[in-house]
Amino acid sequence: MGNLFGKKKQTRVTEQDKAILQLKQQRDKLRQYQKKVNLQLEKERFLAKQLLKDGKKEKALILLKKKRYQDQLLDKTENQISNLERMVQDLEFAQIEKKVIDGLKVGNECLKKMHEVMSIEEVERIMDETQDAIEYQRQIDEMLAGSLTQEDEDAVLAELEAITQGDVELPEVPADELPHVPEEKPERERPRKKAESELLAV
């Protein structure tokens, strides 16, 4: 059933990983030994006190000599644990450095391929075109913002007049004379004159 859904991805264990694991196992074993010896030393110290109370000084002295030897072993064990931990740290840091170097290698390969596709001349051409486009847009923005000089204003008006004269067609003036239209007097004046004539007749 598991094969139907794809195989589980297997992690690759390197020789460095194995070495680090072995070093950590040795460190843990030394720590267990250290703990065991410490417990034994506590018992022997307690036993030495009991022997002294019982008057068995010689046996207590032998036991303390043994304890002293085991103390020296503990010091050596502590040094070995420190060396193992330092080795583990060095190996782990070396793995990190290797990953960094591998990443730099991949990055350099990508950069080389990009440089092969795009030369310095191509980049300079694109940058020049971009700069020209930016400058052109800036000029347009300044014009739209009304930051034209008087000379620019005159040039724009002259161009506008030239375009207007060239595109707009005015109607032709007719050659025939216009018909004569008699002037009509206002209607309100006609009753007034009629009334005046009637008064004169009386």
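Annotation: side-chain contact (heavy atoms from CB on, under 4.5 Å) contacts of E58 (sequence neighbours excluded): none. In terms of the salt bridge (charged side-chain N to carboxylate O under 4.0 Å, His left out) criterion, E109 has no residue partners (sequence neighbours excluded). Applying the salt bridge (charged side-chain N to carboxylate O under 4.0 Å, His left out) rule to K24 yields the partners E92; only residues at least two apart in sequence or on another chain are considered. Every residue two or more places apart in sequence or in another chain that forms a side-chain contact (heavy atoms from CB on, under 4.5 Å) with Q16 is listed here: T14, Q95. Scanning for side-chain hydrogen bond (donor to acceptor under 3.5 Å, both in side chains) contacts around D71 gives K67, with sequence neighbours left out.
Applying the salt bridge (charged side-chain N to carboxylate O under 4.0 Å, His left out) rule to pairs touching residues 34-51 yields E44-K66, sequence neighbours excluded. Listed by first then second residue, pairs satisfying salt bridge (charged side-chain N to carboxylate O under 4.0 Å, His left out) with a partner in residues 94-108 read K98-D102, not counting sequence neighbours.
Taken from NZ in K53 to CD in Q50, the straight-line distance is 5.0 Å, to the nearest 0.5 Å. Separation of atoms CD (Q89) and CD (E85) is listed at 7.0 Å; rounding is to 0.5 Å.
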Exercise for review: In sequence, state the C-alpha distance, the side-chain angles, and the governing distance for L61 and K65, and then conclude on side-chain contact (heavy atoms from CB on, under 4.5 Å).
Suggested key: CA-CA 6 Å; L61 186 60; K65 287 182 179 179; 4.2 Å; yes
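When hydrophobic residues (I, L, V, M, F, W, Y) are linked wherever their side-chain heavy atoms come within less than 4.5 Å, the members clustered with L73 are Y33, V37, L41, Y69, L74. Cluster note: L111 groups with no other residue, as no ILVMFWY side-chain heavy atom lies under 4.5 Å from it. Members clustered with L63: L47, L51, by chain and number, using a 4.5 Å side-chain heavy-atom cutoff among hydrophobic residues. Cluster partners of L84, using a side-chain heavy-atom cutoff of under 4.5 Å among ILVMFWY residues and allowing indirect links, are I20, L23, L30, I81, M87, V88, L91.
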Name the atoms and distances for all side-chain donor-acceptor pairs under 3.5 Å in residues 120-133, with sequence neighbours left out.
unit_1, atom_1, unit_2, atom_2, d
E121, OE1, S119, OG, 3.4
E122, OE2, R125, NH2, 2.6
R125, NH1, E129, OE1, 3.3
R125, NH1, E129, OE2, 2.6
T130, OG1, I126, O, 2.7

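Heavy atoms of other residues, nucleotides or ligands lying less than 6.0 angstrom from CZ of R68 number 12 at most. Within a 6.0 Å radius of CD in Q72, other residues, nucleotides and ligands contribute more than 12 heavy atoms.
At a cut-off of 3.5 Å, with distance as the only test, a side-chain donor of Q34 or E78 sits close to an acceptor on the other residue.
For the residue pair A48 and A60, the shortest heavy atom distance occurs at O-CB, 3.7 Å.
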